[in-house]
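Single-structure report; data block below.
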Amino acid sequence: MSIEPLNIVGALRARISWNWIGFALSATIVGISIYVLTHLLRDIDVPRVIANVRAMPASRIGWAVLCIAGAYATLTCYDLFALRTLGANHVPYRIAALASFTSYTIGHNIGATAFSGGAIRYRIYSQFGLGIIDVAKICFLTGLTFWLGNCVVLGAGMAYRPDGPSRILQLPPETVRLIGVGALIVLFAYVAWASLRPRAIGVKNWTVVLPGGRSTLIQIGIGLGDLRCSSLAMFSLMPSLGDEDFFSLSVAFVSATLLGFASHAPGSLGVFDAAMLVALPDIPKEDLVAGLLVFRALYFMVPFCLALVTMAIWETTLFFRRNGAGKV
(Lines give C-alpha, C1' and ligand atoms only; values in the text may rest on other atoms or scores of the structure.)
Protein backbone atom coordinates (compact mmCIF):
# COMPACT_ATOMS: atom_id res chain seq x y z
CA MET A 1 0.00 0.00 0.00
CA SER A 2 1.38 3.41 -0.98
CA ILE A 3 1.83 6.33 1.39
CA GLU A 4 -0.88 8.44 -0.30
CA PRO A 5 -3.76 6.00 0.42
CA LEU A 6 -2.50 5.73 3.99
CA ASN A 7 -2.64 9.52 4.31
CA ILE A 8 -6.18 9.57 2.93
CA VAL A 9 -7.30 6.88 5.37
CA GLY A 10 -5.63 8.73 8.23
CA ALA A 11 -7.35 12.00 7.26
CA LEU A 12 -10.73 10.26 7.07
CA ARG A 13 -10.24 8.67 10.47
CA ALA A 14 -9.24 12.01 11.97
CA ARG A 15 -12.29 13.68 10.45
CA ILE A 16 -14.60 10.95 11.74
CA SER A 17 -13.04 11.31 15.20
CA TRP A 18 -13.65 15.07 15.21
CA ASN A 19 -17.23 14.51 14.04
CA TRP A 20 -17.83 12.18 16.96
CA ILE A 21 -16.29 14.67 19.36
CA GLY A 22 -18.56 17.41 17.99
CA PHE A 23 -21.59 15.13 18.24
CA ALA A 24 -20.72 14.18 21.82
CA LEU A 25 -20.29 17.85 22.77
CA SER A 26 -23.62 18.80 21.19
CA ALA A 27 -25.39 15.89 22.88
CA THR A 28 -23.88 16.89 26.22
CA ILE A 29 -25.05 20.50 25.87
CA VAL A 30 -28.56 19.39 24.89
CA GLY A 31 -28.74 16.83 27.71
CA ILE A 32 -27.60 19.27 30.40
CA SER A 33 -29.94 21.95 29.05
CA ILE A 34 -32.95 19.63 29.13
CA TYR A 35 -32.12 18.64 32.70
CA VAL A 36 -31.69 22.27 33.79
CA LEU A 37 -34.85 23.37 31.97
CA THR A 38 -36.89 20.58 33.56
CA HIS A 39 -35.52 21.50 36.98
CA LEU A 40 -36.26 25.21 36.54
CA LEU A 41 -39.79 24.69 35.24
CA ARG A 42 -40.89 22.03 37.72
CA ASP A 43 -42.80 24.53 39.88
CA ILE A 44 -43.87 27.01 37.20
CA ASP A 45 -47.43 28.32 37.21
CA VAL A 46 -48.62 27.34 33.71
CA PRO A 47 -51.98 29.19 33.90
CA ARG A 48 -50.09 32.36 34.82
CA VAL A 49 -47.77 31.91 31.82
CA ILE A 50 -50.79 31.56 29.53
CA ALA A 51 -52.40 34.60 31.13
CA ASN A 52 -49.19 36.60 30.62
CA VAL A 53 -49.08 35.66 26.95
CA ARG A 54 -52.71 36.66 26.45
CA ALA A 55 -52.29 39.90 28.38
CA MET A 56 -49.18 40.97 26.49
CA PRO A 57 -49.87 44.43 24.99
CA ALA A 58 -50.13 44.59 21.22
CA SER A 59 -47.68 47.50 21.25
CA ARG A 60 -44.95 45.33 22.77
CA ILE A 61 -45.59 42.59 20.22
CA GLY A 62 -45.57 45.21 17.44
CA TRP A 63 -42.19 46.56 18.55
CA ALA A 64 -40.84 43.01 18.72
CA VAL A 65 -42.02 42.35 15.15
CA LEU A 66 -40.30 45.52 13.92
CA CYS A 67 -37.06 44.60 15.69
CA ILE A 68 -37.15 41.06 14.31
CA ALA A 69 -37.75 42.44 10.82
CA GLY A 70 -34.73 44.67 11.35
CA ALA A 71 -32.66 41.69 12.49
CA TYR A 72 -33.53 39.66 9.39
CA ALA A 73 -32.91 42.68 7.17
CA THR A 74 -29.47 43.08 8.74
CA LEU A 75 -28.92 39.35 8.29
CA THR A 76 -29.06 39.77 4.50
CA CYS A 77 -25.93 41.91 4.74
CA TYR A 78 -23.97 38.85 5.89
CA ASP A 79 -24.22 37.20 2.47
CA LEU A 80 -23.98 40.46 0.53
CA PHE A 81 -20.74 41.33 2.31
CA ALA A 82 -19.32 37.85 1.67
CA LEU A 83 -20.24 37.96 -2.02
CA ARG A 84 -18.66 41.36 -2.55
CA THR A 85 -15.55 40.31 -0.62
CA LEU A 86 -15.16 37.30 -2.94
CA GLY A 87 -15.72 39.48 -6.01
CA ALA A 88 -19.05 37.89 -6.98
CA ASN A 89 -20.49 41.26 -7.96
CA HIS A 90 -22.81 39.70 -10.57
CA VAL A 91 -25.01 38.25 -7.81
CA PRO A 92 -27.67 40.89 -7.03
CA TYR A 93 -28.76 41.89 -3.56
CA ARG A 94 -32.16 40.19 -3.90
CA ILE A 95 -30.43 36.82 -4.39
CA ALA A 96 -28.10 37.46 -1.45
CA ALA A 97 -31.15 38.32 0.66
CA LEU A 98 -32.96 35.19 -0.52
CA ALA A 99 -30.01 32.91 0.25
CA SER A 100 -29.30 34.51 3.61
CA PHE A 101 -32.90 34.46 4.82
CA THR A 102 -33.75 30.94 3.71
CA SER A 103 -30.44 29.28 4.63
CA TYR A 104 -30.35 30.78 8.12
CA THR A 105 -34.03 30.35 8.91
CA ILE A 106 -34.48 26.82 7.58
CA GLY A 107 -31.03 25.64 8.64
CA HIS A 108 -31.33 26.94 12.20
CA ASN A 109 -34.81 25.50 12.66
CA ILE A 110 -34.02 22.00 11.42
CA GLY A 111 -30.57 21.86 13.04
CA ALA A 112 -27.01 21.26 11.77
CA THR A 113 -26.97 24.75 10.27
CA ALA A 114 -23.54 24.40 8.68
CA PHE A 115 -24.75 21.55 6.44
CA SER A 116 -28.44 22.36 5.91
CA GLY A 117 -27.83 26.09 5.46
CA GLY A 118 -24.86 25.43 3.19
CA ALA A 119 -26.95 23.13 0.99
CA ILE A 120 -29.62 25.81 0.56
CA ARG A 121 -27.00 28.43 -0.27
CA TYR A 122 -25.48 26.14 -2.89
CA ARG A 123 -28.88 25.45 -4.42
CA ILE A 124 -29.46 29.19 -4.88
CA TYR A 125 -25.96 30.43 -5.75
CA SER A 126 -25.27 27.59 -8.19
CA GLN A 127 -27.80 29.25 -10.49
CA PHE A 128 -25.34 32.15 -10.72
CA GLY A 129 -22.27 30.08 -11.52
CA LEU A 130 -20.89 29.69 -7.99
CA GLY A 131 -19.47 26.30 -7.04
CA ILE A 132 -19.14 24.36 -3.82
CA ILE A 133 -15.82 26.02 -2.95
CA ASP A 134 -17.35 29.47 -3.47
CA VAL A 135 -20.30 28.60 -1.21
CA ALA A 136 -17.92 27.22 1.42
CA LYS A 137 -16.06 30.54 1.39
CA ILE A 138 -19.35 32.43 1.71
CA CYS A 139 -20.30 30.29 4.70
CA PHE A 140 -16.90 30.96 6.25
CA LEU A 141 -17.15 34.73 5.81
CA THR A 142 -20.74 34.91 7.08
CA GLY A 143 -19.70 32.84 10.09
CA LEU A 144 -16.76 35.17 10.68
CA THR A 145 -19.11 38.17 10.62
CA PHE A 146 -21.38 36.45 13.13
CA TRP A 147 -18.55 35.61 15.50
CA LEU A 148 -16.94 39.03 15.32
CA GLY A 149 -20.19 40.71 16.32
CA ASN A 150 -20.75 38.20 19.12
CA CYS A 151 -17.19 38.65 20.34
CA VAL A 152 -17.75 42.40 20.81
CA VAL A 153 -21.07 42.06 22.62
CA LEU A 154 -20.14 39.05 24.72
CA GLY A 155 -16.61 40.27 25.47
CA ALA A 156 -17.84 43.68 26.59
CA GLY A 157 -20.72 42.12 28.50
CA MET A 158 -18.53 39.59 30.28
CA ALA A 159 -16.09 42.32 31.21
CA TYR A 160 -18.70 44.82 32.41
CA ARG A 161 -21.58 42.62 33.66
CA PRO A 162 -20.23 39.09 34.14
CA ASP A 163 -23.05 37.83 36.38
CA GLY A 164 -25.30 36.42 33.64
CA PRO A 165 -22.57 34.55 31.71
CA SER A 166 -21.08 33.29 34.99
CA ARG A 167 -24.39 31.63 35.85
CA ILE A 168 -24.49 29.93 32.45
CA LEU A 169 -20.84 28.85 32.50
CA GLN A 170 -20.87 28.06 36.24
CA LEU A 171 -17.67 30.04 36.71
CA PRO A 172 -16.79 32.81 39.19
CA PRO A 173 -17.66 36.31 37.91
CA GLU A 174 -14.01 37.42 38.07
CA THR A 175 -12.97 34.49 35.89
CA VAL A 176 -15.70 35.38 33.41
CA ARG A 177 -14.54 39.01 33.44
CA LEU A 178 -11.00 37.91 32.58
CA ILE A 179 -12.34 35.79 29.71
CA GLY A 180 -14.26 38.81 28.43
CA VAL A 181 -11.22 41.08 28.58
CA GLY A 182 -9.17 38.39 26.85
CA ALA A 183 -11.76 38.10 24.07
CA LEU A 184 -11.66 41.85 23.47
CA ILE A 185 -7.85 41.84 23.38
CA VAL A 186 -7.90 39.02 20.82
CA LEU A 187 -10.48 40.92 18.78
CA PHE A 188 -8.42 44.13 18.77
CA ALA A 189 -5.32 42.13 17.86
CA TYR A 190 -7.17 40.49 14.95
CA VAL A 191 -8.35 43.86 13.59
CA ALA A 192 -4.81 45.24 13.82
CA TRP A 193 -3.40 42.09 12.18
CA ALA A 194 -5.90 42.30 9.31
CA SER A 195 -5.15 46.01 8.87
CA LEU A 196 -1.40 45.67 8.32
CA ARG A 197 -1.51 43.89 4.95
CA PRO A 198 -3.73 41.51 2.96
CA ARG A 199 -4.18 38.21 4.77
CA ALA A 200 -5.24 34.82 3.46
CA ILE A 201 -5.94 31.56 5.23
CA GLY A 202 -6.54 28.07 3.91
CA VAL A 203 -4.77 25.01 2.58
CA LYS A 204 -3.71 24.06 -0.94
CA ASN A 205 -6.52 24.94 -3.38
CA TRP A 206 -8.85 26.31 -0.67
CA THR A 207 -7.84 29.79 0.44
CA VAL A 208 -9.85 32.79 1.56
CA VAL A 209 -8.55 36.35 1.44
CA LEU A 210 -9.63 37.88 4.73
CA PRO A 211 -11.25 41.32 4.81
CA GLY A 212 -8.89 44.17 5.65
CA GLY A 213 -9.11 46.38 8.71
CA ARG A 214 -11.83 48.71 7.42
CA SER A 215 -13.87 45.82 6.03
CA THR A 216 -13.50 43.97 9.33
CA LEU A 217 -15.02 46.96 11.12
CA ILE A 218 -17.92 46.77 8.65
CA GLN A 219 -18.29 43.09 9.53
CA ILE A 220 -18.42 43.95 13.22
CA GLY A 221 -21.03 46.63 12.52
CA ILE A 222 -23.23 44.12 10.64
CA GLY A 223 -22.96 41.61 13.47
CA LEU A 224 -23.71 44.25 16.09
CA GLY A 225 -26.76 45.47 14.15
CA ASP A 226 -28.16 41.94 13.95
CA LEU A 227 -27.60 41.23 17.64
CA ARG A 228 -28.96 44.58 18.79
CA CYS A 229 -32.19 44.15 16.83
CA SER A 230 -32.64 40.60 18.12
CA SER A 231 -31.94 41.64 21.71
CA LEU A 232 -34.37 44.57 21.40
CA ALA A 233 -37.05 42.14 20.21
CA MET A 234 -36.53 40.00 23.30
CA PHE A 235 -36.42 43.11 25.48
CA SER A 236 -39.72 44.34 24.02
CA LEU A 237 -41.44 41.15 25.19
CA MET A 238 -40.25 41.51 28.78
CA PRO A 239 -41.85 43.54 31.59
CA SER A 240 -40.65 47.13 31.92
CA LEU A 241 -36.89 47.07 32.46
CA GLY A 242 -34.30 49.83 32.77
CA ASP A 243 -31.34 50.54 30.50
CA GLU A 244 -28.96 48.56 32.72
CA ASP A 245 -31.32 45.60 32.56
CA PHE A 246 -31.33 45.84 28.77
CA PHE A 247 -27.54 45.47 28.77
CA SER A 248 -27.77 42.42 31.05
CA LEU A 249 -30.51 40.93 28.90
CA SER A 250 -28.46 41.52 25.74
CA VAL A 251 -25.45 39.72 27.22
CA ALA A 252 -27.67 36.85 28.38
CA PHE A 253 -29.34 36.72 24.96
CA VAL A 254 -26.02 36.51 23.09
CA SER A 255 -24.69 33.88 25.52
CA ALA A 256 -27.83 31.79 25.10
CA THR A 257 -27.74 32.18 21.32
CA LEU A 258 -24.13 30.98 21.10
CA LEU A 259 -24.89 28.01 23.34
CA GLY A 260 -27.86 27.18 21.15
CA PHE A 261 -25.71 27.28 18.00
CA ALA A 262 -23.10 25.06 19.63
CA SER A 263 -25.78 22.47 20.48
CA HIS A 264 -27.00 22.16 16.85
CA ALA A 265 -30.45 21.51 18.32
CA PRO A 266 -33.35 22.43 15.99
CA GLY A 267 -34.19 26.05 16.75
CA SER A 268 -31.86 25.81 19.79
CA LEU A 269 -34.93 24.31 21.45
CA GLY A 270 -34.45 23.86 25.17
CA VAL A 271 -30.85 25.07 25.13
CA PHE A 272 -31.55 28.74 24.43
CA ASP A 273 -34.49 28.76 26.86
CA ALA A 274 -32.60 27.09 29.71
CA ALA A 275 -29.67 29.50 29.30
CA MET A 276 -31.98 32.52 29.44
CA LEU A 277 -33.69 31.24 32.58
CA VAL A 278 -30.35 30.57 34.27
CA ALA A 279 -28.85 33.93 33.25
CA LEU A 280 -31.85 36.06 34.28
CA PRO A 281 -33.05 34.80 37.69
CA ASP A 282 -34.32 38.26 38.74
CA ILE A 283 -37.11 38.18 36.14
CA PRO A 284 -40.12 36.15 37.33
CA LYS A 285 -40.07 32.80 35.56
CA GLU A 286 -43.66 33.07 34.36
CA ASP A 287 -42.94 36.45 32.75
CA LEU A 288 -39.71 35.24 31.16
CA VAL A 289 -41.26 32.02 29.84
CA ALA A 290 -44.18 33.97 28.37
CA GLY A 291 -41.73 36.28 26.61
CA LEU A 292 -39.69 33.33 25.34
CA LEU A 293 -42.80 31.62 23.93
CA VAL A 294 -43.86 34.72 22.02
CA PHE A 295 -40.27 35.35 20.89
CA ARG A 296 -40.02 31.79 19.56
CA ALA A 297 -43.24 32.20 17.61
CA LEU A 298 -42.16 35.53 16.10
CA TYR A 299 -38.44 34.93 15.57
CA PHE A 300 -38.38 31.21 14.73
CA MET A 301 -41.74 29.84 13.59
CA VAL A 302 -43.14 32.69 11.46
CA PRO A 303 -39.88 33.23 9.50
CA PHE A 304 -39.50 29.45 9.14
CA CYS A 305 -42.91 29.18 7.47
CA LEU A 306 -42.13 32.19 5.27
CA ALA A 307 -38.78 30.68 4.27
CA LEU A 308 -40.41 27.37 3.30
CA VAL A 309 -42.97 29.19 1.15
CA THR A 310 -40.22 31.33 -0.38
CA MET A 311 -38.13 28.28 -1.29
CA ALA A 312 -41.20 26.56 -2.76
CA ILE A 313 -41.84 29.60 -4.97
CA TRP A 314 -38.15 29.71 -5.96
CA GLU A 315 -38.09 26.03 -6.93
CA THR A 316 -41.37 26.34 -8.83
CA THR A 317 -40.04 29.33 -10.76
CA LEU A 318 -36.86 27.44 -11.67
CA PHE A 319 -38.91 24.44 -12.79
CA PHE A 320 -41.06 26.46 -15.16
CA ARG A 321 -38.07 28.41 -16.49
CA ARG A 322 -36.24 25.21 -17.33
CA ASN A 323 -39.28 23.66 -18.97
CA GLY A 324 -39.91 26.84 -20.93
CA ALA A 325 -36.29 26.98 -22.08
CA GLY A 326 -36.44 23.31 -23.07
CA LYS A 327 -39.52 23.82 -25.26
CA VAL A 328 -37.86 26.74 -27.05
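Each residue takes its place number in the sequence, starting with 1. Below, each value reflects all heavy atoms present in this structure, side chains not excepted, and no hydrogens, waters or symmetry copies.
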With side chain to side chain contact (heavy atoms under 4.5 Å, CB included) as the test, would you mind laying out the steps for T145 and L141 before giving the verdict? CA-CA 6 Å; T145 301; L141 288 171; 5.5 Å; no
Any chance you could lay out the side chain to side chain contact (heavy atoms under 4.5 Å, CB included) test for R48 and D287, step after step, and finish with the verdict? CA-CA 8 Å; R48 183 180 168 186; D287 294 342; 4.2 Å; yes
Please test H90 against L130 for side chain to side chain contact (heavy atoms under 4.5 Å, CB included), starting from the C-alpha separation and ending with a verdict. CA-CA 11 Å; H90 65 288; L130 301 184; 4.2 Å; yes
In sequence, state the C-alpha distance, the side-chain angles, and the governing distance for S250 and V254, and then conclude on side chain to side chain contact (heavy atoms under 4.5 Å, CB included). CA-CA 6 Å; S250 297; V254 173; 5.5 Å; no
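Centroid-to-centroid, the aromatic rings of F235 and F253 stay 6.0 Å apart or farther. Ring to ring, H108 and F300 are close: their centroids are under 6.0 angstrom apart.
Residue F319 is not grouped with residue I313 when hydrophobic side chains (ILVMFWY) are merged at heavy-atom distances under 4.5 angstrom, including chains of intermediate members. Under the 4.5 Å side-chain heavy-atom criterion for grouping Ile, Leu, Val, Met, Phe, Trp and Tyr, L75 is connected to V302 within one hydrophobic cluster. In the hydrophobic cluster analysis, where Ile, Leu, Val, Met, Phe, Trp and Tyr join through side-chain heavy atoms closer than 4.5 angstrom, F304 is grouped together with I68. Residue Y160 is not grouped with residue V186 when hydrophobic side chains (ILVMFWY) are merged at heavy-atom distances under 4.5 angstrom, including chains of intermediate members. Hydrophobic clustering (ILVMFWY, side-chain heavy atoms < 4.5 Å, transitive): M276 and V46 are in one cluster.
Note that the CZ atom of F295 and the CG atom of D273 stand 10.0 Å from one another [nearest 0.5 Å]. The distance from the CE atom of M311 to the CD1 atom of I120 is 6.0 Å, given to the nearest 0.5 Å. For the atom pair L280 CG and M234 CE, the distance stands at 8.5 Å (nearest 0.5 Å). To the nearest 0.5 Å, atom CG of residue N150 and atom OG1 of residue T257 are 7.0 Å apart. Distance CG/L298 to CG/L237: 6.5 Å, rounded to 0.5 Å. Atom CD1 of I138 and atom CG of L83 lie 4.5 Å apart (nearest 0.5 Å).
Looking at F81 and P211, their side chains come closer than 4.5 Å, going by heavy atoms from C-beta outward. Residues D163 and S248 form no side-chain contact, since every pair of their non-hydrogen atoms from C-beta on lies 4.5 Å or further apart. Counting heavy atoms from C-beta outward, I106 and I110 have side chains that approach closer than 4.5 Å. At least one side-chain heavy atom of W193 sits under 4.5 Å from a side-chain heavy atom of L210. Within the 4.5 Å cutoff, no side-chain heavy atoms of F146 are placed close to those of T142. When side chains are defined from C-beta on, Q127 does not count as touching Y122, because their heavy atoms never get closer than 4.5 Å. Here the side chains of V289 and L277 are in contact, with some heavy-atom distance below 4.5 Å. For the pair R121 and T102, the minimum side-chain heavy-atom distance is 4.5 Å or more.
L80 belongs to a hydrophobic cluster whose other members, connected by ILVMFWY side-chain contacts under 4.5 Å either directly or through intermediates, are Y93. Through direct or indirect side-chain contacts shorter than 4.5 Å among Ile, Leu, Val, Met, Phe, Trp and Tyr, I185 is connected to V181.
Donor-acceptor pairing under 3.5 Å is lacking for the side chains of R60 and S236.
Surrounding CH2 of W63 are at most 12 heavy atoms belonging to other residues, nucleotides or ligands under 6.0 Å away. Around CZ of R214, the count of heavy atoms belonging to other residues, nucleotides or ligands within 6.0 Å does not exceed 12. Heavy atoms of other residues, nucleotides or ligands lying less than 6.0 angstrom from CZ of F188 number 12 at most.
The heavy-atom pair separating L259 from I168 by the smallest distance is CD2-CG2, 4.1 Å. In terms of heavy-atom proximity, S103 sits nearest to A99 at OG-O, 2.5 Å. The minimum heavy-atom distance between P165 and V251, with the atom names listed, is CG-CG1, 3.5 Å. Nearest heavy atom pair, residue L154 against residue S255, reads CD1-OG, 3.0 Å. The two residues C151 and L187 have their closest heavy-atom pair at SG-CB, 4.0 Å. Residues I124 and F128 share a closest heavy-atom pair of O-CD1, 3.8 Å.
Using modelled atom types, no side-chain atom of T175 and backbone atom of L171 make a donor-acceptor pair closer than 3.5 Å. Side-chain atoms of S195 come within 3.5 Å of backbone N or O of V191 as a donor-acceptor pair. Not a single donor-acceptor pair under 3.5 Å links the side chain of S100 to the backbone N or O of A97. Side chain of K137 to main chain of V209: no donor-acceptor pair is present (N/O by atom type, distance under 3.5 Å, no hydrogens or angles). Looking at Y72, its side chain does come within 3.5 Å of a backbone N or O of Y299 through a donor-acceptor pair. Although no hydrogens or angles enter the test, the distance criterion places no donor-acceptor pair under 3.5 Å between the side chain of R177 and the main chain of P162.
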Please table the atom pairs, donor to acceptor, closer than 3.5 Å between any side-chain atom in residues 221-231 and protein atoms at least two apart or in another chain.
residue	atom	partner	partner atom	Å
D226	OD2	Y78	OH	3.0
S230	OG	D226	O	3.0
S231	OG	L227	O	2.8

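Just one residue in the list D79, D134, L98 forms a side chain to side chain contact (heavy atoms under 4.5 Å, CB included) with Y125, and that residue is D79.
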